[in-house]
Structure formats: C-alpha cells, structure tokens
Participant: 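Let me give you the structure first, and then I'll get to my questions.
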Amino acid sequence: MAEEKLTPRSENYSEWYNQVVLRADLADYAPVRGCMVVKPYGWALWENMQKELDRRFKETGHVNAAFPMLIPKSFFEKEKEHVEGFAPELAVVTIGGGQELDEPLVIRPTSETVIGYMYSKWIKSYRDLPVLINQWANVVRWEMRTKLFLRTLEFYWQEGHTAHSSAEEAQEETIRMLNVYADFAIKEAAVPVIRGVKSETEKFAGAVNTYSIEAMMGDTKALQAGTSHNLGQNFAKAFDIKYLDQNNTQQYCWTTSWGLSTRFIGAIIMTHGDDNGLILPPRLAPYQIVIVPIYKNDTERSSVMEAVEKVQKQLTQFRVKLDDRTEVTPGFKYNEWELKGVPLRLEIGPKDVEKGSVMAARRDMPGKASKSFMLQENLAPQVQTMLETIQASMLQRATDFRDSNIHEANSYDELKDIIQNGWAESWWCGSAECEAKIKEETKATTRCMPFDQPQVKKEKCVYCGAEAVKKIYFSKAY
RNA sequence: CGGGGUGUAGCGCAGUUGGUAGCGCACCGCGUUUGGGACGCGGGGGUCCGCGGUUCGAGUCCGCGCACCCCGACCA
C-alpha cells in the first residue's frame with residue numbers, strides 16, 4: 001500500500017494531492033472519465049460532514065426530501081441565465097427502454113428547476129411559507145477538466161431550496177445558511193473561511209446574488225468551499241411559484257438555494273495535509289484515535305493486549321481503530337495511519353504495561369514534538385483534551401497561514417506579484433471589464449467581496465484607476 | 001475543444017538489429033521478526049489498449065481507432 005514516500009508538496013502540489021487521495025484510500029478513479037469512486041474511508045469522512053451539516057440544517061428549521069434525478073430538458077430553458085450557465089455541461093438522456101424519448105431528460109446538474117416546478121404546485125397561500133427543504137443528492141456536470149473531489153462529472157452534495165414571502169426574508173435565509181457553512185467549516189473542519197459576495201460574473205446562473213465561503217489551500221490557491229444564492233423572484237417567475245397574500249393578491253415567491261459538496265473534502269485535504277499525508281480534524285475524522293500495540297513475543301503480546309483492551313474500554317465515546325495486524329511492523333503502521341490522517345495515535349508496548357502509560361503521538365505535529373506520555377488511568381479526559389487541542393491548533397495554523405498569505409495590493413504591479421503566491425486584497429471599480437482583464441492577464445479571479453468593508457474614501461480601482469466601490473480578493477483558484 | 005504525454009502482471013517500470021515476456025513493490029504459503037516504512041526461502045498472477053496490415057515470425061515496424069493522465073479555455 002504505502003510503499004514509498006509521497007511527492008513533497010513543494011515539488012508538485014497537484015501530484016501530492018492525487019497521491020494523498022489515492023493512497024489514503026479516500027477515493028479511486030472510476031471506469032468513466034472524470035468519475036470517481038468514493039471509498040469507505042472517504043465516505044466515512046463525508047458521513048461525518050453530513051451529520052454536522054444536517055444537524056445545523058434541522059436546527060435552522062429545514063427538513064429533508066428527495067427530488068428526482070431526471071429533469072425534462074425544457075425546464076432548463078425557462079430561466080434564461082440558468083440555461084446559458086448550465087447548457088454546456090448537461091448530460092442528457094435521449095433513449096429509455098430502447099425507445100427514443102419524446103422529450104430528452106437531463107440528469108440534474110442542480111435542482112432549482114424541478115424543485116421550482118414542484119413548489120409552484122405546492123405553494124398556494126402565504127400560510128404555506130416559508131418552505132425550507134434540503135436534499136442530499138448526487139448531480140452531474142460534464143466538466144472539461146476533472147480532479148478527484150474538486151471537480152468530477154458526478155459529485156455528491158446537499159442542496160437547500162427555500163421559498164419565502166418577502167425579499168428581506170429570502171435575503172436573511174441566504175445569509176443564515178452562508179453562516180451555517182462558515183460555522184461548519186471553522187468549528188468542524190478547522191478550515192478558516194472568508195464570507196463574502198461574489199461578483200456579477202462569478203455568481204450562480206440565475207441568481208440575484210451569490211455568497212460564498214472561500215478557503216485558502218496549502219499552495220495559496222483559493223477554493224470556493226460553499227455557496228448560498230439569493231435567487232430573488234427569477235425562478236419564481238420562470239416556474240410560476242405564486243401565493244395569495246393576506247390581501248388576497250397573487251405574489252411571486254422569493255427563493256434561495258445553497259449547496260456544499262464533496263469538494264469540501266478537497267478543502268480539508270489541502271488545508272491541513274503535509275508531506276506525510278492527510279491530517280484530519282478530530283471532529284470529522286473517521287477514526288479519531290488509532291491504537292498500535294507493540295510486542296516481541298507471546299508473553300509480551302498477552303500483557304500488552306490486556307492493557308489495550310482496558311484502554312479501549314475507556315475510550316468508547318471516541319471513534320477508535322485498533323490496528324492489531326500482525327503482518328506489518330509498528331513502524332509501518334505509524335506511517336500508514338499518518339498518511340490516512342488519524343489525529344491521535346496511542347502506542348502501547350511492554351514499557352507502557354510496566355509504567356501504566358501510553359505513548360500518545362499527535363498527527364498535527366512533526367517528529368519527536370508530537371509524542372508525549374499519558375497515564376492509562378483516567379485516559380478518556382486526557383484524550384478528550386488532546387483532541388480538542390489538536391482541533392484548535394489545526395484551525396490556528398490554517399488561519400495563520402491564510403492571513404500571512406493575504407496582502408493588500410495598492411497597484412496592479414503589486415497585485416500581479418502577490419497573486420503568484422497568495423491572495424491580493426484590492427480596491428475595485430466594480431466593472432466586469434477590469435475583472436476580465438485581470439483574469440486574462442494574471443489568471444487570477446475575483447473570489448469575493450468580504451462583508452467587513454472598510455469605508456470607501458476616494459479609493460482607486462487597482463486596474464483602471466477609476467473610483468473604487470468595493471474591496472475584493474483576487475487570487476488563483478481551483 | 002486546443003497542446004503535450006502514456007498505454008506491457010494490482011501498482012511503478014524495463015524489454016536490444018523483429019525470434020514467442022521480465023524486474024521492483026504488492027499478493028499467497030512457511031519460518032524468523034515487531035518502540036519509526038523487517039528479512040529469508042518458496043509460490044501464483046499477462047487477450048503486451050483495440051482493429052487491420054507487413055513478415056516464416058510483431059510487445060517491437062506501418063496505418064486507423066480508443067482510453068487515461070498532465071497543461072490551457074470553462075466550472076462547485
């Protein structure tokens with residue numbers, strides 16, 4: 001399995017990423033180009049992410065449902081911007097049961113259309129609002145260039161779709177869910193994210209406004225890690241989602257949609273991973289703890305395993321893996337579990353049996369510094385504290401890394417320099433032309449306009465020098 | 001869709017002037033090992049990407065396909 005060292009990140013970041021995904025057993029390539037198989041270890045991580053997200057959705061009043069994967073092609077023509085945005089990447093079914101279909105069916109790339117259609121049937125009165133539904137689903141987008149987790153033809157995600165009786169309420173919902181994503185990213189994944197508004201060109205096809213959480217990866221490129229869209233009345237008008245208000249007048253609904261996908265697994269990998277492999281945040285890791293027993297002979301083995309059993313019994317509240325394989329050495333196991341990113345390793349050998357100790361090695365620190373002794377007695381609280389420490393220090397390290405790679409660009413030359421290895425924070429006039437020029441000339445795109453904007457006082461656009469309206473981040477992105 | 005690259009054992013690769021396929025790792029068995037990627041001995045595993053051609057003979061030469069990977073334009 002893990003027979004060689006990984007390609008170091010500094011040598012080839014992309015190669016490092018691919019190797020980590022494959023060798024940590026998160027995923028594998030599928031027979032169809034651009035498709036992937038999420039393997040049990042990767043899916044276990046996704047399940048933990050789902051659990052934390054789903055809990056937050058429920059807490060904010062949402063319920064889950066399931067909508068069909070096949071959508072009539074004509075649905076995509078009802079919203080002008082939506083069709084323009086998605087037409088090039090639709091997978092279309094034209095034959096069913098051996099017969100050419102009267103109307104081709106699109107495999108959903110996202111479900112605003114079919115859900116909008118259903119909402120128009122379900123919503124009659126202001127009393128029916130708001131409708132707050134989420135679905136966990138897979139979707140298909142025929143991407144040109146794919147990469148494991150970050151961009152595959154098929155991916156797994158959740159998509160929330162809500163309908164409201166006022167613009168204000170829809171806007172509140174849009175921001176509420178963006179905040180849910182940010183809270184999840186920071187608290188559970190230890191991925192520090194910046195919340196903000198997307199530019200006109202970067203927004204979702206058919207939205208009035210798109211908000212995103214943006215994360216910085218280990219190579220300083222940006223990753224859009226989750227999005228929340230205020231759809232205004234665009235889809236309501238396209239799909240005739242109307243209700244009677246208190247005054248017996250027909251009104252169009254105001255809708256939102258928001259999504260976070262398995263792409264976020266890529267964010268976790270690239271935010272925390274090092275040259276030894278994955279580093280998973282304790283709150284999401286499939287295994288929080290791996291126990292490696294060490295012994296030389298049967299006598300040692302029985303006393304060590306007895307101690308291991310006692311330790312295990314104390315740790316039932318955690319996700320624990322006992323690696324009792326006999327065919328590989330402890331050293332091999334250390335490397336393998338480090339590759340797989342398990343946050344805490346407990347080694348138990350003859351010396352520990354003697355001293356009533358366990359050797360604890362934290363994954364987020366290198367070499368000798370990672371190791372410390374714990375007492376077997378009353379182990380659970382020690383482990384609990386350690387896991388919390390690891391979680392906190394991972395967030396701190398990622399935040400420090402991000403902040404030290406964001407720089408203010410006061411001129412276009414500075415911007416060009418900064419985006420070679422970081423994010424540039426600049427004043428921008430708001431014009432799509434400047435944005436396009438910068439993208440063309442530097443490969444850097446606008447990420448988002450952060451919420452906490454400084455006061456504009458006669459600032460100049462970093463590109464054209466005209467009067468600036470917003471501070472915005474520019475960077476290379478995935 | 002443009003540019004580049006690669007298709008030979010599960011993975012990574014070698015294969016000479018064309019002569020009937022090999023190495024490392026992984027895998028299986030036995031034994032010795034086990035506190036930072038153990039070792040010895042034995043073993044199993046191949047439509048050489050596909051189709052067609054040249055030839056007594058093709059992994060190797062020629063033609064046509066196909067697939068995948070990497071880099072661009074597009075995107076979560």
Side-chain angles (χ1 to χ4, degrees), chain A residues 1-6 12 14-15 17-19 22-23 28-35 84-90 109-110 139-159 181 198 201-205 210 212-215 222-229 257-267 276-277 292-298 300-301 304 323-339 345-355 357-359 361 366-368 370-371 373 436 439-440 443 445 477-478:
Chain A
M1 183 179 286
E3 67 285 352
E4 281 166 34
K5 285 220 180 309
L6 290 167
N12 184 341
S14 176
E15 184 56 27
Y17 175 83
N18 285 334
Q19 288 181 3
L22 295 172
R23 285 170 51 177
D28 199 357
Y29 291 104
V32 176
R33 175 195 78 87
C35 291
E84 281 171 11
F86 280 100
E89 52 189 56
L90 295 181
T110 178
V139 291
V140 169
R141 298 181 188 179
W142 217 263
E143 302 290 351
M144 294 302 170
R145 253 191 87 202
T146 59
K147 195 172 178 69
L148 294 166
F149 286 116
L150 297 183
R151 193 174 300 104
T152 45
L153 294 201
E154 180 187 18
F155 60 91
Y156 300 87
W157 73 346
Q158 58 67 219
E159 44 178 328
Y181 288 154
K198 286 293 200 183
T201 33
E202 295 283 332
K203 77 175 191 195
F204 177 76
T210 289
S212 71
I213 51 171
E214 299 284 333
L223 184 78
Q224 181 174 302
T227 46
S228 187
H229 316 292
S257 69
W258 27 277
L260 185 146
S261 76
T262 39
R263 173 180 238 211
F264 200 96
I265 292 174
N276 293 322
V292 179
I294 295 152
Y295 47 79
K296 286 191 174 54
N297 50 51
D298 281 353
E300 284 185 1
R301 184 189 141 82
V304 164
D323 189 350
D324 56 1
R325 287 177 297 175
T326 52
E327 67 272 22
V328 288
T329 60
F332 182 91
K333 293 177 185 178
Y334 298 167
N335 284 288
E336 182 169 292
W337 291 111
E338 280 169 13
L339 173 63
R345 181 178 73 240
L346 301 179
E347 305 166 16
I348 303 177
K351 291 178 213 163
D352 301 294
V353 172
E354 207 178 297
K355 294 190 287 189
S357 61
V358 302
M359 174 70 94
K368 280 249 165 68
S370 69
K371 294 205 176 188
F373 280 105
K439 182 175 176 182
E440 193 185 315
K443 306 268 197 310
T445 52
Y478 281 100

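These figures come from a predicted structure and were not determined experimentally. A note on names: the letters A, B, ... follow the listed sequences, proteins ahead of strands, and every chain is numbered from 1. We use all heavy atoms of the structure for the numbers below, so side chains are in, but hydrogens, waters and symmetry mates are not.
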Participant: Any strand counts, and the cut-off is 3.5 Å on both contacts for Watson-Crick or G-U wobble. Which nucleotide pairs with B/G40?
Facilitator: B/C30
Participant: With RNA chain B as reference, determine whether A/S14 or A/E327 sits nearer its 5' end, using the nearest nucleotide of each.
Facilitator: A/E327
Participant: Between A/F204 and A/F86, is the gap from one ring center to the other below 6.0 Å?
Facilitator: yes
Participant: What is the base-pairing partner of B/G72, counting Watson-Crick and G-U wobble geometry with both distances under 3.5 Å?
Facilitator: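 Its partner is B/C1.
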Participant: Measure from the side chain of A/Y29, starting at C-beta and using heavy atoms only, and say which of B/G35, B/A73, B/C69 lies closest.
Facilitator: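 From the listed options, B/C69 comes nearest.
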Participant: Once you apply the 3.5 Å cut-off to both distances, tell me the Watson-Crick or G-U wobble partner of B/G35, or none.
Facilitator: none
Participant: What's the closest nucleotide to the A/I294 side chain, out of B/U34, B/A38, B/G72?
Facilitator: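 For the A/I294 side chain, the nearest candidate turns out to be B/U34.
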Participant: Do the side chain of A/E338 and the base of B/G36 come within less than 3.5 angstrom through a donor-acceptor pair of N or O atoms?
Facilitator: yes
Participant: Between the base of B/G35 and the side chain of A/K371, is one N or O donor paired with an acceptor at under 3.5 angstrom?
Facilitator: no
Participant: Can you see if the side chain of A/R145 gets near the phosphate of B/C70 - specifically, an N or O under 4.0 Å from OP1 or OP2?
Facilitator: no
Participant: To the side chain of A/Y295, which of B/A73, B/U34, B/C75 is closest?
Facilitator: B/U34
Participant: When the P atoms of B/G63 and B/C23 are compared, how many Å lie between them, rounded to an integer?
Facilitator: 33 Å
Participant: Can you tell me if A/K439 touches the phosphate of B/C74, counting only side-chain N or O atoms and a distance under 4.0 Å to OP1 or OP2?
Facilitator: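 A/K439 to B/C74 OP1/OP2: side-chain N or O found under 4.0 Å.
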Participant: When all nucleic acid strands are considered with a 4.0 Å heavy-atom cut-off, which category describes A/K147: base, sugar-phosphate, or nothing?
Facilitator: nothing
Participant: What nucleic acid atoms does A/T210 come within less than 4.0 Å of, heavy atoms only: base, sugar-phosphate, or nothing?
Facilitator: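 If one applies the 4.0 Å heavy-atom cut-off, A/T210 turns out to touch nothing in the nucleic acid.
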Participant: Just N and O in the side chain of A/N276: are any of them under 4.0 Å from OP1 or OP2 of B/G37?
Facilitator: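 For B/G37, neither OP1 nor OP2 has a side-chain N or O of A/N276 closer than 4.0 Å.
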Participant: Please classify the nucleic acid contact of A/S261 as base, sugar-phosphate, or nothing, using heavy-atom distances under 4.0 Å.
Facilitator: base
Participant: Considering only the C1' atoms, how many Å lie between B/A9 and B/C49, rounded to the nearest integer?
Facilitator: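 Straight-line distance between the two C1' atoms is 15 Å.
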Participant: With a 3.5 angstrom cut-off on both distances, give the Watson-Crick or G-U wobble partner of B/G46, or none if there isn't one.
Facilitator: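 Paired with no nucleotide.
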Participant: Does A/T329 have a side-chain nitrogen or oxygen under 4.0 Å from the phosphate oxygens OP1 or OP2 of B/A38?
Facilitator: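 Looking at the OP1 and OP2 atoms of B/A38, one of them is under 4.0 Å from a side-chain N or O of A/T329.
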